[in-house]
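The structure appears right after this line, and notes come after that.
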Amino acid sequence: MPPRHRRREAPARDLRDGAEMNARAWPIRHAGGDSKCRRARPLLGTVVEITARGPDAATAVERAFRAVEEVQRLMSYHDPDSEVSRINREAARHEVPVSPHTFRVLQAACAFAQASGGLFDITVAPTLAALGFLPRHADFPRASGQGDWRHVELLSDGRVSLTRRVRIDLGGIAKGYAVDRAIDVLKTRGMHTARVNAGGDLRLFGVAPQVVHVRRPGAPGGLLPLVEMSAGAAATSADYFSARRVRGHWVTPLIHPRTRTSCPRGRSVTVLAPDCLTADALTKVVHADPERAPAVLARFSARALILQESDNVCRAYAFDGAQAPLWQTRWLLEDASHG
């Protein structure tokens with residue numbers, strides 16, 4: 001790591017998770033007509049937990065879940081009826097109209113790709129399918145193997161065209177967008193405080209400072225208190241349980257867009273940003289090229305922390321790209337190193 005990146009060491013010990021997952025939680029009534037509701041559902045390939053306090057919180061939480069479900073329906077690679085599947089099946093032959101939500105995520109994906117010089121790239125889907133991380137769809141055209149994000153053309157009126165036979169996967173950004181959609185709904189419904197957590201993609205507002213824990217890369221059963229937040233978003237990407245052996249080699253679903261090979265194992269990346277879509281996408285940029293990441297993080301007012309496991313010690317490398325962050329946070333790794 002370059003000298004300008006601050007390095008801290010955290011002890012190699014397990015820490016108790018301070019959060020509970022609750023699949024069903026009844027709303028709690030408070031004085032003044034407010035209520036608090038906390039519920040969790042399996043969505044987006046993980047468990048999505050939504051907590052909110054405000055007028056008729058139960059209804060607001062239900063509407064927020066509907067927003068998450070809509071993102072899943074539109075952008076799932078696994079679902080043959082999703083808009084992403086329709087793009088992969090048809091957009092190399094003719095223009096495909098998509099919903100405003102899908103178009104917005106595609107626009108963001110192309111913006112991150114351009115800003116990072118291609119370190120974020122939604123056209124790595126064929127590699128993920130070849131490694132078994134995505135399903136093989138028999139009705140998708142065979143990828144040419146020569147295209148990248150620059151061959152995803154976004155046209156007027158929400159239409160999409162593929163100028164080469166590429167295949168896209170929005171799995172590296174859509175989960176963050178789903179979290180943002182849920183937060184938007186909760187704000188619109190008048191919630192005073194809210195927290196949405198989708199398997200490592202987190203956004204909150206109006207709450208007292210909360211400690212966000214992450215799993216240790218080399219010992220995912222152990223947890224480290226990473227950051228204290230009261231507003232903003234955090235996203236973590238790692239290969240805790242997803243690594244597998246393919247043809248005698250360990251691989252992960254974190255793919256370097258230029259080499260189309262897996263990023264190094266034993267590393268977790270957490271990005272803090274004003275919104276979860278940004279945080280989610282930028283974790284892949286940091287994984288792909290930590291040396292170039294600070295400039296990209298600064299462009300999007302984001303910060304990052306890499307945890308790297310070595311010799312039973314978890315080392316942390318901080319990237320402070322933002323001069324004026326739009327959230328309230330406090331890194332806790334220095335506190336943990338004395339625990």
Side-chain angles (χ1 to χ4, degrees), residues 17-75 99-101 104-105 108 173-214 225-236 270-280 301-302 324-330 332:
D17 186 5
E20 293 181 349
M21 293 301 294
N22 189 0
R24 292 179 60 87
W26 298 105
I28 302 172
R29 296 292 176 186
H30 295 272
D34 285 352
S35 59
K36 181 178 180 180
C37 182
R38 181 186 183 194
R39 291 178 181 162
R41 295 179 187 173
L43 289 166
L44 307 172
T46 185
V47 175
V48 178
E49 181 183 359
I50 301 178
T51 305
R53 178 173 178 174
D56 196 5
T59 299
V61 168
E62 179 61 32
R63 297 287 178 86
F65 273 119
R66 290 182 192 176
V68 174
E69 291 166 355
E70 182 181 29
V71 173
Q72 176 173 276
R73 177 177 57 82
L74 294 172
M75 304 181 206
S99 66
H101 291 304
R104 193 173 300 128
V105 173
I173 190 172
K175 187 166 68 168
Y177 181 73
V179 170
D180 289 338
R181 286 283 298 124
I183 288 290
D184 290 344
V185 169
L186 295 169
K187 288 183 175 180
T188 300
R189 300 288 300 184
M191 297 299 101
H192 307 312
T193 66
R195 171 185 167 120
V196 180
N197 187 359
D201 284 20
L202 169 73
R203 187 172 171 185
L204 45 80
F205 69 87
V207 300
Q210 298 185 7
V211 175
V212 176
H213 293 78
V214 296
L226 183 68
V227 65
E228 186 179 75
M229 299 178 62
S230 58
T236 298
T270 298
V271 170
L272 308 181
D275 59 83
C276 208
L277 175 144
T278 298
D280 194 10
S301 297
L326 303 178
W327 61 89
Q328 291 79 52
T329 61
R330 182 168 67 91
L332 296 179

*Going from CG on D280 to CG on L202, what distance comes out if it is rounded to the nearest 0.5 angstrom?*
12.0 Å
*For A182, what residues pass the side chain to side chain contact (heavy atoms under 4.5 Å, CB included) criterion, not counting sequence neighbours?*
I50, A64, V68, V196
_I want to check something: taking the side chain as every heavy atom from C-beta on, are H213 and V211 in contact at a cut-off of under 4.5 Å?_
yes
*First locate atom CZ of R181, then atom CZ of R63, and finally report the distance between them rounded to the nearest 0.5 Å.*
12.0 Å
*How far does CD of Q72 sit from CD of E69, to the nearest 0.5 angstrom?*
7.5 Å
_Any side-chain to backbone donor/acceptor pair from T46 onto A198? Under 3.5 Å, distance only._
no
*Can you tell me how far OG of S301 sits from CG of L272, rounded to the nearest 0.5 angstrom?*
12.0 Å
*Going from CG on L204 to CE on M229, what distance comes out if it is rounded to the nearest 0.5 angstrom?*
5.0 Å
_Holding to side chain to side chain donor-acceptor pair (under 3.5 Å), I want the full list of residues that pass it with D180, two or more places apart in sequence or in another chain._
R203
*Please report the C-alpha distance between T270 and L226 in whole Å, then the side-chain angles of each, then the deciding distance to 0.1 Å, and finally whether the side-chain contact (heavy atoms from CB on, under 4.5 Å) criterion is met.*
CA-CA 9 Å; T270 298; L226 183 68; 3.4 Å; yes
*Search all heavy atoms of L43 against all heavy atoms of F65 and return the closest pair with its distance.*
CD1-CD2, 3.9 Å
_Applying side chain to side chain donor-acceptor pair (under 3.5 Å), can you list everything that pairs with E62, at least two apart in sequence or on another chain?_
R41
*Among all residues two or more places apart in sequence or in another chain, which pass the side chain to side chain contact (heavy atoms under 4.5 Å, CB included) test with A52?*
V61, L186, M191, A194
*State, to 0.1 Å, how close C276 and A233 come at their nearest heavy-atom pair, and which atoms those are.*
N-CB, 3.4 Å
*Do you know which two heavy atoms are closest between P55 and D34, and how far apart they sit?*
N-OD1, 3.5 Å
*Out of curiosity, D201 CG to L44 CG, how far, rounded to the nearest 0.5 Å?*
9.0 Å
_Smallest separation among heavy atoms of M75 and A174, with atom names_ = SD-CB, 3.9 Å
*Main-chain N/O of A40 paired to E49 side chain as donor or acceptor, under 3.5 Å*: no
*Mind listing the closest non-hydrogen atom pair of A58 and S35 along with its distance?*
N-OG, 4.5 Å
*Which pairs pass ring-ring contact (aromatic ring centres under 6.0 Å, His included) with one or both residues in residues 177-202, sequence neighbours excluded?*
H101-Y177
*Residues in side chain to side chain contact (heavy atoms under 4.5 Å, CB included) with T188, at least two apart?*
none
